[in-house]
Amino acid sequence: MLDGLISQLYANALDQLASAETLDQVEAVRVEALGRKGKLAEISKEFGKLAPEERARIGKLLNTVKAELESKIETRKASLEAAALDARLDAEWVDLTTPAPGPRPGSLHPVTQVQQEVEDLFVSMGFTVLDGPEVETEYYNFDALNIPADHPARDMQDTFWLEDRRLLRTHTSPVQVRGLEKLGPPLKMIAPGRVFRNEEVDPSHEHTFYQLEGMMVDHDVSVAHMIYFMKTLLSAIFHREVTVRLRPGFFPFVEPGFELDIRCLICNGEGCPVCKQSGWVELMPCGLVHPAVLRYCGADPEVWNGFAFGLGLTRLAMMRYGIDDIRLFSSGDLRFLTQF
Ligand code: FA5
């Protein structure tokens with residue numbers, strides 16, 4: 001009777017093994033047939049009731065069936081594992097001959113690009129490029145520019161003062177004085193750089209932005225010279241006709257002084273947050289260098305005169321690329337920066 005049960009168990013286990021498709025299913029077959037509470041264990045319980053000669057025969061049979069099943073289960077497991085590995089290798093296949101993409105190429109910041117273009121242009125017209133400190137003295141930022149301590153013009157530029165009475169320069173104009181002091185007239189110079197003001201930030205105002213100072217000191221320099229250089233600058237940057245207007249402007253270090261505004265290129269003059277709905281953007285104040293400034297720099301105003309301008313470089317980049325919010329420049333957002 002036990003022979004029949006053993007061969008039935010064997011046949012059933014082989015059938016189940018053949019149809020098992022996962023390792024879990026194979027394990028279930030093993031537990032059902034060979035586990036501690038499995039069918040073979042059930043059958044073995046009857047073993048004690050057998051006659052001694054039968055016991056030897058059935059014992060042998062049980063051992064053979066057990067060994068057979070164990071080996072068949074191992075084989076099935078191994079083949080399922082091999083198939084799983086093949087599938088995984090197929091899925092994770094990498095073509096090692098594909099060329100690597102390499103590092104992503106960087107690019108210059110849009111303000112730096114415009115700055116370099118303006119520098120190249122002015123260098124080609126014989127101007128020297130000068131640099132000045134960002135932490136400035138009160139003397140160079142204000143006094144030598146004819147803005148004494150009690151002058152209301154100081155209020156036009158809300159200043160970050162340091163504890164030792166030095167300050168973060170509010171404009172690039174101090175480099176006019178430093179340049180002329182050091183190099184003397186005749187002089188044609190530009191000075192690009194970062195400036196700082198305690199400003200309410202909005203689409204066209206930053207607390208940290210770039211200006212580019214320009215100055216020419218020689219004999220008989222006139223407003224016509226100044227307009228020539230500013231026009232040349234604008235057509236080189238925009239490669240097309242842009243509408244500008246020149247209106248009187250007050251700066252204690254020039255006389256006469258002007259404001260050069262550009263027709264807003266974000267809205268084509270129709271009015272937008274960048275131009276504060278006016279259609280015009282203040283871009284480049286300018287004028288003839290005030291005799292007092294020449295005197296501060298050691299140049300005799302009876303002999304020398306000149307023009308100066310202070311270009312809003314960050315705003316120029318906004319107009320050049322049609323950027324409608326100045327805060328994007330300092331956002332560090334690569335989605336913005338990689339467009340240039
Ligand atoms: C000056 O800073 C004068 N030093 C310019 C000057 C130089 C006049 C030489 C005469 C002779 P103003 O404060 O207007 O001027 O600033 C100059 C330009 O900088 C503005 O026309 C504008 O384009 C830009 N600018 C001013 N404030 C900001 C700001 N908060 N954010 C971005 N750009 C600004």
Side-chain angles (χ1 to χ4, degrees), residues 111 114-115 118 132 136 140-142 144-147 151 153-160 167-180 189-217 221 223 226-227 229-230 233-234 237 244-262 264-266 273-276 278 280-290 292-294 297 305-320 323-330:
V111 173
V114 174
Q115 177 183 325
V118 179
E136 215 9 310
Y140 282 111
N141 198 82
F142 291 124
L145 288 165
N146 206 24
I147 317 175
H151 198 290
R154 284 211 180 183
D155 297 339
M156 287 158 64
Q157 304 178 351
D158 199 346
T159 310
F160 291 113
L167 50 92
L168 298 184
R169 66 176 177 187
T170 53
H171 51 178
T172 44
S173 298
V175 193
Q176 286 183 27
V177 182
R178 287 180 177 277
L180 196 54
M189 54 143 271
I190 56 166
R194 205 155 55 142
V195 302
F196 311 85
R197 290 183 198 177
N198 187 13
E199 291 265 15
E200 196 80 50
V201 171
D202 66 24
S204 56
H205 290 84
E206 260 290 9
H207 49 75
T208 302
F209 57 99
Y210 286 79
Q211 288 189 341
L212 185 137
E213 198 76 9
M215 185 171 76
M216 172 175 173
V217 175
V221 176
V223 172
M226 181 182 82
I227 290 176
F229 283 108
M230 296 199 312
L233 161 67
L234 292 177
I237 292 298
V244 294
R245 71 177 183 189
L246 201 62
R247 60 190 167 93
F250 174 70
F251 299 90
F253 37 100
V254 286
E255 180 60 36
F258 306 94
E259 286 274 5
L260 183 135
D261 303 333
I262 184 171
C264 181
L265 294 175
I266 306 296
V274 171
C275 61
K276 296 219 181 80
S278 72
W280 296 94
V281 174
E282 287 181 9
L283 188 66
M284 194 160 30
C286 51
L288 296 185
V289 181
H290 197 287
V293 176
L294 293 172
C297 302
N305 76 334
F307 69 76
F309 62 82
L311 167 67
L313 200 56
T314 313
R315 290 223 185 130
L316 182 69
M318 288 176 78
M319 293 296 118
R320 159 76 179 269
I323 293 163
D324 62 5
D325 196 321
I326 197 168
R327 290 166 285 199
L328 286 166
F329 287 118
S330 56

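Just follow the structure's listing: the first ligand is 1, and inside any ligand the first atom is 1. Atom set for the values below is all heavy atoms of this structure, side chains included, hydrogens, waters and symmetry mates excluded.
- Ile237 is listed as a side-chain neighbour of Leu233, based on a closest heavy-atom distance under 4.5 Å.
- Here the protein heavy atom with the shortest distance to atom 30 (N) of ligand 1 is Glu206 O, 2.9 Å.
- For ligand 1, the atoms sitting less than 4.0 Å from at least one non-hydrogen atom of Ile326 are 31 (N), 32 (C), numbered in the order shown with element in parentheses.
- A donor-acceptor pair is defined here as one N or O able to donate and one able to accept, closer than 3.5 Å; no such pair exists between the side chain of Asn198 and the backbone of Asp158.
- Taking CD of Glu282 as the reference point, atom CZ of Arg315 lies at 6.5 Å (rounded to 0.5 Å).
- Contact atoms of ligand 1 toward Glu199: 27 (N), 30 (N) (distance under 4.0 Å to a heavy atom of the residue).
- The nearest non-hydrogen atom to atom 17 (C) of ligand 1, considering only Arg169, Glu213, Gln211, Glu282, comes from Gln211.
- Near Ser204, meaning under 4.0 Å from one of its heavy atoms, ligand 1 places the atoms 31 (N), 32 (C).
- Protein heavy atom nearest atom 24 (C) of ligand 1, with residue, atom name and distance: Gly312 CA, 3.8 Å.
- Looking at heavy atoms from C-beta onward, Leu311 lies in side-chain contact with Met284 at the 4.5 angstrom threshold.
- Counting atoms of ligand 1 from 1 in the listed order, those under 4.0 Å from a heavy atom of Val254 are 10 (C), 11 (C).
- Scanning the protein heavy atoms around atom 29 (C) of ligand 1, the nearest turns out to be Phe209 CE2, 3.4 Å.
- Under 3.5 Å, the side chains of Glu206 and Ser330 contain a donor-acceptor pair of N or O atoms.
- A side-chain donor-acceptor contact under 3.5 Å links Arg197 to the backbone of Thr170.
- In terms of protein heavy atoms, atom 22 (C) of ligand 1 is closest to Arg315 NH1, 3.4 Å.
- Looking at Phe309 against ligand 1, only its backbone comes within 4.0 Å, counting heavy atoms.
- Annotation: atom 14 (O) of ligand 1 to nearest protein heavy atom, Pro285 CG, 3.5 Å.
- Residue Gly310 approaches ligand 1 through these ligand atoms, each under 4.0 Å from one of its heavy atoms: 5 (C), 6 (C), 7 (C), 9 (C), 17 (C), 18 (C).
- Relative orientation of the His171 and Phe142 rings is tilted, given thresholds of 30° and 60° on the angle between their planes.
- Against a heavy-atom cut-off of under 4.0 Å, Phe253 is close to the following atoms of ligand 1: 3 (C), 4 (N), 6 (C), 7 (C), 8 (C), 9 (C), 10 (C), 11 (C).
- Taking a 4.0 Å cut-off on heavy atoms, Gly257 fails to register as neighbouring ligand 1.
- A donor-acceptor pair is defined here as one N or O able to donate and one able to accept, closer than 3.5 Å; no such pair exists between the side chain of Arg194 and the backbone of Thr208.
- For ligand 1, the polar-atom distance check against His171 finds a nitrogen or oxygen pair separated by under 3.5 Å.
- When atom types are taken as modelled, the side chain of Glu259 and the backbone of Gly249 share no donor-acceptor pair closer than 3.5 angstrom.
- Distances below 4.0 Å separate heavy atoms of Leu283 from the following atoms of ligand 1: 21 (O), 23 (O).
- Between the side chain of Thr159 and the main chain of Gln157, a donor-acceptor pair closer than 3.5 Å is present.
- At a threshold of 4.0 Å, the pair Arg178-Glu136 counts as salt-bridged, since one of the basic side-chain nitrogens sits closer than that to a carboxylate oxygen.
- Compare Arg197, Met156, Glu259, Gln176 by their heavy atoms: the one nearest to atom 12 (P) of ligand 1 is in Arg197.
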